[in-house]
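First the structure, in the form of structure tokens, and then the observations on it.
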Amino acid sequence: MHQLKKSISFAFLLLLFAGAVFAQTSRHNRQTTLSTSDISSGLKEALLKGVRNAVDDLGRENGFLDNSRVHIPLPNSLQRTEKTLRALGQGRRVDEFIESMNHAAEKAVPVATDVFLDSIRQMTFDDARKILFSGQEDAATQFFRRTSEDRLRDEFRPIVEDFTEQVGVTQKYKEMMGRYGFIGKALGQDATDIDAYVTQKALDGLFLLVADEERKIRRDPIGRTSSILRKVFGVLR
């Protein structure tokens with residue numbers, strides 16, 4: 001009986017091993033059915049599709065303000081004093097300031113399309129294969145962040161600065177904080193360089209939505225609107 005149990009256990013382990021080998025071989029075969037051209041074309045199309053959708057969503061009027069996931073709040077250090085500011089009769093200015101930050105971000109986002117397009121053009125076949133078969137649903141978004149975030153920051157900031165200067169809210173904010181200097185002393189860097197804060201929040205929101213778009217393309221066959229997208233991302237299912 002003991003020998004029989006050992007034989008059954010060994011047979012069971014052998015079946016598990018065979019199943020694992022078959023699964024690995026099957027996945028490898030699916031990968032190799034794609035040509036170099038297929039992988040590069042499909043991934044680049046997916047990236048461009050995701051970027052355009054994200055930019056259109058955030059670059060419209062109230063694109064940041066009305067989206068709770070990317071809505072730009074007061075800087076963390078300033079949030080601790082918001083109640084005090086409102087109690088001092090500055091509630092309207094606080095609200096105007098929040099709105100101006102979100103509007104500044106929506107003005108900056110549209111320039112991202114050209115920056116991302118340059119990153120796509122520079123993508124190598126090796127980059128494309130790693131992204132496609134990485135097992136991470138936001139691998140392409142991570143690629144974008146590595147290759148374009150610094151340039152996007154440089155492109156976004158002047159637009160943010162111009163907008164906040166035009167509407168005059170930044171100046172009002174500085175005057176408000178100057179009047180209540182005891183509050184200003186308690187604030188951190190994110191509240192003293194508002195333009196840098198808005199720029200970073202705009203970038204974070206953009207990459208968040210690009211990642212959302214990438215997941216949709218990977219998960220939803222209906223969302224793969226072209227034959228090349230269906231072919232390339234279909235191997236992952």
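Since this is a predicted model, take the numbers as computed values, not measurements. Heavy atoms only: backbone and side chains are in, while hydrogens, waters and symmetry mates are out. This chain uses plain numbering: 1 for the first residue, then up along the sequence.
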Roughly how far, to the nearest 0.5 Å, is the NE2 atom of H71 from the CG atom of N102? 5.0 Å
Group every Ile, Leu, Val, Met, Phe, Trp and Tyr by side-chain heavy-atom contacts under 4.5 Å, then state whether F143 and L117 land in the same group. yes
Heavy-atom closest contact (Y197 atom, P73 atom, distance): OH-O, 2.8 Å
With rounding to the nearest 0.5 angstrom, report the CD to CG distance, E214 to L47. 7.0 Å
Passes side-chain contact (heavy atoms from CB on, under 4.5 Å), R60 versus D56? Steps please. CA-CA 6 Å; R60 62 180 174 80; D56 288 347; over 6 Å; no
How close do I72 and A202 get, counting heavy atoms only, and between which atoms? CD1-N, 4.4 Å
Scan L209, V210, L208, N53 and name whichever one has a side chain to side chain contact (heavy atoms under 4.5 Å, CB included) with L58. L209
Shortest non-hydrogen pair, G63 vs V70, comes out as O-CG2, 4.1 Å
When you check the gap from the basic side-chain N to the acidic O, do K49 and E45 get nearer than 4.0 Å? no
Without hydrogens or angle criteria, can the side chains of Q200 and D204 be said to hold a donor-acceptor pair below 3.5 Å? yes
Supply the atom-to-atom distance I131 CD1 to K44 NZ, rounded to the nearest 0.5 angstrom. 10.5 Å
Under a 4.0 Å threshold between the charged nitrogen and the carboxylate oxygen, would R86 count as salt-bridged to D95? yes
Measure the CD-CG distance between E213 and D57 for me, rounded to the nearest 0.5 Å. 7.5 Å
Rounded to the nearest 0.5 Å, the CD1 atom of I159 sits from the CG atom of D162 at a distance of 8.0 Å
Lys/Arg N to Asp/Glu carboxylate O, R151 vs D154, below 4.0 Å: no
According to salt bridge (Lys or Arg N to Asp or Glu O under 4.0 Å), does anything in residues 62-79 pair up with another residue at least two apart or in another chain? List the pairs. R69-D212
Identify whether the distance between the nearest side-chain nitrogen and carboxylate oxygen of D126 and K130 falls below 4.0 Å. yes
Is R145 paired with D138 through a side-chain N to carboxylate O contact shorter than 4.0 Å? no
Atom OG in S119, atom CG in L152: separation rounded to 0.5 Å? 7.5 Å
Closest heavy-atom pair and its distance - L206, A112: CD2-CB, 3.6 Å
Does the side-chain contact (heavy atoms from CB on, under 4.5 Å) test come out yes or no for M101 and K201, once each step is laid out? CA-CA 9 Å; M101 290 191 299; K201 286 294 185 182; over 6 Å; no
Would you find a donor on one side and an acceptor on the other, under 3.5 Å apart, between the side chain of E106 and the backbone of F64? no
Please say yes or no: joined through hydrophobic side-chain contacts below 4.5 Å, possibly via intermediate residues, are L65 and V55 part of one cluster? no
Would you say the ring centers of F144 and F116 fall short of 6.0 Å from each other? yes
Non-hydrogen atoms of V109 and F156 that approach each other most closely: CA-CZ, 3.8 Å
Verify the distance criterion only: is there a donor paired with an acceptor across the side chains of D195 and T164 at less than 3.5 Å? yes
